[in-house]
Asker: 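Take a look at this one; I'll ask things after.
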Amino acid sequence: MNPMSSEKKLGKYFYTRELITVAKELLGKILVKYEDGKYLSGKIVEVEAYDGSMDEAAHTFIGKTKRNEIMFEEGGYLYVYFTYGAHFCCNVVTGIKGWGTAVLIRALEPLEGIEFMAFNRYGRNLVREKEKINLTSGPGKVCHAMSITKKHYGYDLTGDSIYILDQPKIKQKNIVVATRIGIKKSVDLPWRFYIKNNPYISRK
DNA sequence: CCACGGATTGGCT
DNA sequence: GCCAATCCGTGGA
């Protein structure tokens with residue numbers, strides 16, 4: 001468990017609930033990765049929800065394939081995919097087996113291991129304050145900074161390597177609801193959620 | 001086997 | 001603000 005905090009790790013119950021509930025409640029929680037003796041962590045400040053049963057933008061809309069099969073398991077696993085020939089994006093699988101729902105982690109506010117994140121992103125330490133803002137303000141950036149790759153596909157979030165720590169719920173009035181970014185289908189679903197006035201979000 | 005396009009990013013105009 | 005980079009999953013031949 002993370003030595004810098006005494007908070008509780010989120011358990012199976014949290015993830016196996018309905019998609020939108022989990023998406024909103026993930027805001028403010030702390031994503032932790034412990035690998036090679038290093039702790040990297042950040043507060044989740046921006047997410048998007050995807051539901052294959054009615055959302056054409058979801059990777060699970062086409063049915064189960066080798067790429068998306070973990071999204072059809074019960075909640076609490078990590079779904080990592082590769083896109084645009086260059087970037088990984090990570091998602092938290094939600095709901096019960098067969099649903100095909102997941103929450104994309106779009107942005108973090110870096111907390112622990114910032115020097116390692118800077119090395120992963122820039123190959124050196126931070127020089128300017130602006131670079132800290134740019135570390136994890138986007139889904140590809142989050143994975144690059146945290147060194148999350150296809151190797152982490154299917155990781156169990158109730159395990160000891162990648163997990164999420166509980167934190168107080170963000171108040172409804174401080175959650176901004178918006179449409180999702182970078183998709184061409186189901187563009188009107190209001191399924192992007194972010195913490196109001198947080199400087200680490202990817203886009204207003 | 002081959003063609004197509006993507007839940008993005010960063011650099012250049 | 002615009003656009004190329006770059007690889008792999010997917011689907012059709």
Side-chain angles (χ1 to χ4, degrees), chain A residues 15 19-20 22-24 26-27 31 42 44-73 75 77-95 99-110 117-124 126-155 157 162 164 175-195 199-204:
Chain A
Y15 301 107
L19 173 68
I20 302 301
V22 179
K24 287 186 182 174
L26 276 172
L27 292 175
L31 176 65
I44 299 170
V45 300
E46 179 184 347
V47 298
E48 282 178 0
Y50 287 89
D51 177 354
S53 73
M54 36 86 70
D55 165 16
E56 291 187 82
H59 289 165
T60 44
F61 186 75
I62 57 171
K64 193 192 273 191
T65 65
K66 176 132 195 196
R67 181 202 201 193
N68 65 26
E69 61 187 353
I70 195 68
M71 262 183 84
F72 286 101
E73 289 302 312
Y77 293 99
L78 200 64
Y79 167 46
V80 181
Y81 68 90
F82 185 71
T83 193
Y84 293 105
H87 311 287
F88 291 102
C89 296
C90 81
N91 301 247
V92 172
V93 177
T94 66
W99 281 8
T101 59
V103 178
L104 171 68
I105 307 294
R106 283 195 59 91
L108 300 177
E109 176 175 334
M117 294 188 200
F119 192 80
N120 290 337
R121 293 268 292 126
Y122 312 126
R124 57 168 171 75
L126 295 181
V127 187
R128 301 158 189 270
E129 191 60 25
K130 217 175 163 183
E131 292 175 338
K132 186 180 171 187
I133 297 282
N134 191 239
L135 271 182
T136 50
S137 56
K141 297 175 187 177
V142 166
C143 285
H144 196 191
M146 303 278 284
S147 278
I148 293 174
T149 68
K150 200 147 188 195
K151 160 184 159 184
H152 303 99
Y153 180 97
Y155 266 40
L157 294 170
I162 300 179
I164 300 177
I175 297 178
V176 179
V177 179
T179 52
R180 298 171 296 178
I181 293 174
I183 53 172
K184 297 219 168 71
K185 301 167 189 166
S186 302
V187 293
D188 294 327
L189 290 171
W191 282 0
R192 175 168 173 253
F193 309 100
Y194 61 90
I195 300 177
Y200 295 90
I201 61 173
S202 69
R203 237 187 79 181
K204 294 243 173 177

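Below, chains carry the letters A, B, ... as their sequence lines are ordered, and counting in each starts from 1.
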Asker: Can you pull out the residues from residues 50-67 of chain A that lie within a 4.0 Å heavy-atom distance of DNA chain B?
Answerer: A/Tyr50, A/Ala57, A/His59
Asker: So, using side-chain contact (heavy atoms from CB on, under 4.5 Å) as the criterion, who are the partners of A/Thr65 when residues are at least two apart?
Answerer: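 Checked A/Thr65 against side-chain contact (heavy atoms from CB on, under 4.5 Å); matches are A/Ile62, A/Arg67, A/Asn68.
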Asker: Is any side-chain heavy atom of A/Met146 closer than 4.5 Å to one of A/Ile162?
Answerer: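 They are not in contact (no side-chain heavy atoms under 4.5 Å apart), so the answer is no.
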Asker: State which residue, out of A/Lys24, A/Arg203, A/Arg106, A/Arg180, fulfils the salt bridge (Lys or Arg N to Asp or Glu O under 4.0 Å) condition with A/Glu48.
Answerer: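 Testing A/Glu48 for a salt bridge (Lys or Arg N to Asp or Glu O under 4.0 Å) against A/Lys24, A/Arg203, A/Arg106, A/Arg180 leaves exactly one candidate, A/Arg106.
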Asker: Would you mind classifying the nucleic acid contact of A/Lys150 as base, sugar-phosphate or nothing, using non-hydrogen atoms under 4.0 angstrom?
Answerer: sugar-phosphate
Asker: Would you kindly give the CZ-to-P distance between A/Phe193 and B/dA7, to the nearest whole Å?
Answerer: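 In whole Å, B/dA7 P and A/Phe193 CZ are 18 Å from each other.
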Asker: How are the rings of A/Phe88 and A/Phe82 set to each other: parallel, tilted or perpendicular (split at 30° and 60°)?
Answerer: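 Tilted: the ring planes of A/Phe88 and A/Phe82 meet at 30° to 60°.
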Asker: For the backbone of A/Asn134 and the side chain of A/Arg121, can you confirm whether one donor and one acceptor N or O come within less than 3.5 Å of each other?
Answerer: yes
Asker: What's A/Leu104 touching, base or sugar-phosphate or nothing? Going by heavy atoms closer than 4.0 Å.
Answerer: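 Here A/Leu104 touches the bases of the nucleic acid.
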Asker: Is a donor on one side and an acceptor on the other found under 3.5 Å between the side chain of A/His144 and the backbone of A/Asn120?
Answerer: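 Yes: the side chain of A/His144 pairs with the backbone of A/Asn120.
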Asker: May I have the distance from A/Lys184 (atom NZ) to B/dG5 (atom P), rounded to whole angstrom?
Answerer: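 Whole-Å distance recorded here is 9 Å.
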Asker: Specify the separation, in whole Å, of atom CD1 of A/Ile181 and atom P of B/dG6.
Answerer: 16 Å
Asker: Could you give the start and end, 5' to 3', of the contact zone on DNA chain C for chain A, using atoms under 4.0 Å from its heavy atoms?
Answerer: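 Contact boundaries, 5' end first: C/dT6 to C/dG11.
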Asker: Roughly, in whole Å, what's the span from CZ in A/Phe82 to C1' in B/dG6?
Answerer: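 From A/Phe82 CZ to B/dG6 C1': 11 Å.
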Asker: Does atom CZ (A/Arg128) have a neighbourhood of more than 12 heavy atoms from anything else shown, all under 6.0 Å?
Answerer: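 Open.
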Asker: For A/Tyr200, check side chain to side chain donor-acceptor pair (under 3.5 Å) against everything at least two apart and list the hits.
Answerer: none
Asker: Taking everything shown except A/Phe61 itself, do over 12 heavy atoms lie less than 6.0 Å from its CZ?
Answerer: yes
Asker: Is there side-chain contact between A/Val177 and A/Phe193, with at least one heavy-atom pair below 4.5 Å?
Answerer: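 Yes. Closest side-chain heavy atoms under 4.5 Å.
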Asker: Could you tell me whether the side chain of A/Tyr122 and the main chain of A/Glu131 form a donor-acceptor pair under 3.5 Å?
Answerer: yes
Asker: Apply ring-ring contact (aromatic ring centres under 6.0 Å, His included) to the pair A/His152 and A/Tyr155, showing each step before the final yes or no.
Answerer: CA-CA 6 Å; A/His152 303 99; A/Tyr155 266 40; 5.0 Å; yes
Asker: Output a table of nitrogen or oxygen pairs between the protein and nucleotides 9-13 of chain B separated by less than 3.5 Å.
Answerer:
{"residue": "B/dT9", "atom": "OP1", "partner": "A/Pro139", "partner atom": "N", "Å": "3.1"}
{"residue": "B/dT9", "atom": "OP1", "partner": "A/Gly140", "partner atom": "N", "Å": "2.8"}
{"residue": "B/dT9", "atom": "OP1", "partner": "A/Lys141", "partner atom": "N", "Å": "3.2"}
{"residue": "B/dT9", "atom": "O4'", "partner": "A/His87", "partner atom": "NE2", "Å": "3.2"}
{"residue": "B/dG10", "atom": "OP1", "partner": "A/Arg121", "partner atom": "NH1", "Å": "2.6"}
{"residue": "B/dG10", "atom": "OP1", "partner": "A/Arg121", "partner atom": "NH2", "Å": "3.4"}

Asker: So what's the dot-bracket for DNA chain C: Watson-Crick or G-U pairs under 3.5 Å, [ ] if a pair crosses, | if it pairs off-strand?
Answerer: |||||.||||||.
Asker: Quick one: does any side-chain atom of A/Tyr153 pair with a main-chain N or O of A/Ile70 as donor and acceptor, under 3.5 Å?
Answerer: yes
